[in-house]
Amino acid sequence: MTILLHQYDTSPFSEKVRVCLGIKQLDWAAVDQPVVMPKPDLLALTGGYRRIPVMQIGADIYCDSVLIVRELERRFPEPTLFPSGTPGLDQASAQWTDRGFFQSAVTVIFAGLGDAVGEEFIRDREALSGQPFDPAAMRAAVPHMAAQLRAHAALVSEQLADGRTFLSGDRPGLVDANAYCNLWFVRSFHEPAAAAFEDLPGLGDWYDRVRAIGHGQRSAMSREDAVAAAADATPEPGEVAPADTALAGREVTVSATDYGRDPITGTLVGSSPHHVAIRREDPRAGAVVVHLPRIGFAITTSA
Ligand SMILES: N[C@@H](CCC(=O)N[C@@H](CS)C(=O)NCC(=O)O)C(=O)O
C-alpha cells in the first residue's frame, strides 16, 4: 500500500519525514495540504488533528512526525534510522530538536521576515498556539534566540568534531533528520539568520551530505483521492497494551498538550507506551484508525 504524506513543502516537520523517507529510499506520494485552516480533507482522516505532517497508509492515519518515523521504522526496518543501535536516545533527540532548537529557529525566521508574513497566516497561527503573534516581542527576542540557535547548532558541530560523516557515525539516521530540518528551515526561509551557525566547524559539509540523501521516490496524490483511498481500505488490526486494559474498547479523547490541541475522539483499539490508536467512522473516509504519540498528548475518557 502506498505511503501517503499529508504535507506542504515549506513545513520543517515534513522535511524531517522526507529525509527519513530518503534514508530508507522509499516510494511515497505527497498529498499537499493547505498551510492554514480550513483543511476539510485532512480532518476527514484525522478527526480533528490539523497539524502537518500526517502519514496515511490505507485506512491507518499517523499523526506527528515522531510517530510517523517510528512507524516507518516498524514497517520498513532496513536501512535503519538508528544506525548506532541506540533507538531510545535517537528518538529522545526529538525532545531537543522539536522544542528548544525549533523554537529558536521559528523566532529568528519570523522576526526576520517581519511584514512579509501575511495577515491570514498570522491569525491562523494565533489560533493554533493560543498566543498573540507579536512581531515586536519576536524582534526583541532575536539576540537571545539567535544565541540559542547557535548553541543548539554548536552541539551538532561538536558531535561531528571527530570527523564522522553523520551524527550517529558512518550512516545517516533519525538524529540527522531531526537536527537538519531546523537548519533547513532557517536557510530556506530567512537565509540571513543562518549567520548564527554558518561558521561552525563541519556543519556546512554535514548539511550538504544530509541534503544529498534526497527524499526517496516522490509522486503526488490529490486530497480527494487520499480520502477515497482510506474509504477503500481496512485499518490494520491493533492490540491494546495490558497497562491500558481498562480503556480498551472505550471512547477516549486525545489532544496535543502543546499547541494545535484540537481533540480527536474515538474508540481505543490499540496502545503501547509510545502510542494510542483510536478507531472512528467518518462520512467520507469510512472506518479509520488514527494513531497518536503518547509523549505530548493527553488521553481522557468522557465518563
Ligand atoms: N509535534 C508535531 C509538530 C508539527 C507542527 O508543528 N507542524 C507545523 C508545520 S511544520 C504545523 O502543523 N503548523 C500548523 C499547520 O500547518 O496548520 C510533529 O512533530 O509533527
Side-chain angles (χ1 to χ4, degrees), residues 3-21 30-56 61-73 81 90-110 113 117-131 133 174-190 215 223 254-264 274-276 290-298:
I3 301 169
L4 303 179
L5 188 68
H6 297 265
Q7 62 122 51
Y8 44 87
D9 283 347
T10 55
S11 149
F13 288 99
S14 301
E15 180 65 8
K16 177 210 287 195
V17 176
R18 292 187 295 252
V19 171
C20 290
L21 290 161
V31 183
D32 284 335
Q33 292 290 343
V35 175
V36 295
M37 291 291 267
K39 308 185 190 186
D41 301 305
L42 183 67
L43 268 54
L45 296 164
T46 64
Y49 184 87
R50 64 159 285 184
R51 301 193 306 199
I52 292 294
V54 167
M55 181 172 75
Q56 173 187 353
I61 313 297
Y62 300 89
C63 299
D64 197 292
S65 63
V66 167
L67 190 60
I68 293 172
V69 295
R70 187 177 175 84
E71 184 63 15
L72 285 176
E73 182 76 8
L81 294 173
D90 293 2
Q91 289 172 93
S93 75
Q95 301 301 313
W96 158 52
T97 56
D98 297 9
R99 293 164 191 254
F101 198 166
F102 173 67
Q103 274 315 322
S104 63
V106 167
T107 307
V108 299
I109 290 169
F110 285 102
L113 291 176
V117 185
E119 194 62 25
E120 191 193 14
F121 183 86
I122 290 175
R123 296 295 153 250
D124 183 81
R125 292 313 194 254
E126 284 185 332
L128 178 78
S129 65
Q131 307 282 334
F133 190 96
L174 175 61
V175 187
D176 295 289
N178 279 350
Y180 170 85
C181 69
N182 288 318
L183 305 180
W184 170 88
F185 195 26
V186 176
R187 276 194 165 176
S188 309
F189 293 96
H190 189 53
H215 293 157
R223 297 195 283 269
V254 185
S255 20
T257 52
D258 47 5
Y259 55 90
R261 299 179 182 197
D262 314 79
I264 308 118
H274 308 287
H275 86 293
V276 289
V290 184
H291 305 251
L292 298 129
R294 216 120 183 181
I295 293 179
F297 287 78

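One-based numbering, in listed order, for ligands and for the atoms of each.
For ligand 1, the atoms sitting less than 4.0 Å from at least one non-hydrogen atom of Pro53 are 20 (O), numbered in the order shown with element in parentheses. Contact atoms of ligand 1 toward Pro12: 10 (S) (distance under 4.0 Å to a heavy atom of the residue). Which parts of ligand 1 touch Arg50 is read off a 4.0 Å heavy-atom cut-off, strictly below it: atoms 14 (C), 15 (C), 17 (O).
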May I have the step-by-step check of side chain to side chain contact (heavy atoms under 4.5 Å, CB included) for Ile295 and Gln95, ending in yes or no?
CA-CA 9 Å; Ile295 293 179; Gln95 301 301 313; 3.5 Å; yes
Before you tell me yes or no, could you show the steps for Leu45 and His6 under side chain to side chain contact (heavy atoms under 4.5 Å, CB included), namely the whole-Å CA-CA distance, both residues' side-chain angles and the distance that decides it to 0.1 Å?
CA-CA 10 Å; Leu45 296 164; His6 297 265; 3.4 Å; yes
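Of the protein's heavy atoms, Asp64 OD2, 2.9 Å lies nearest to atom 1 (N) of ligand 1. With respect to atom 6 (O) of ligand 1, the closest heavy atom belonging to the protein is Tyr259 OH, 2.6 Å. For atom 8 (C) of ligand 1, the closest non-hydrogen atom of the protein is Ile52 O, 3.7 Å. Scanning all protein heavy atoms for the shortest distance to atom 20 (O) of ligand 1 gives Ser65 N, 2.8 Å. With hydrogens left out, the protein atom closest to atom 9 (C) of ligand 1 is Tyr8 OH, 3.4 Å, a heavy atom.
To the nearest 0.5 Å, atom CZ of residue Phe133 and atom CD of residue Glu119 are 10.0 Å apart. Note: Ile61 CD1 to Leu67 CG = 12.0 Å, rounded to the nearest 0.5 Å.
Looking at Val35 against ligand 1, only its backbone comes within 4.0 Å, counting heavy atoms.
In this structure, Arg51 is positioned above the aromatic face of Tyr259, its NZ or CZ under 6.0 Å from the six-membered ring centre and within 45° of the axis.
Taking a 4.0 Å cut-off on heavy atoms, Met37 fails to register as neighbouring ligand 1. Residue Lys39 places a heavy atom less than 4.0 Å from ligand 1.
A donor-acceptor pair is defined here as one N or O able to donate and one able to accept, closer than 3.5 Å; such a pair exists between the side chain of Arg223 and the backbone of Asp32.
In this structure, Leu113 and Phe189 approach most closely via the heavy-atom pair CD2-O, 3.3 Å. Of all the heavy atoms in Ala94 and Lys16, the pair that sits closest is CB-NZ, 4.4 Å.
For ligand 1, none of its N or O atoms has an N or O atom of Tyr49 under 3.5 Å away. Considering backbone and side-chain atoms alike, Ser11 places every N or O at 3.5 Å or more from each N or O of ligand 1.
For the pair Glu73 and Arg70, the salt-bridge criterion is not met [side-chain N within less than 4.0 Å of a carboxylate O].
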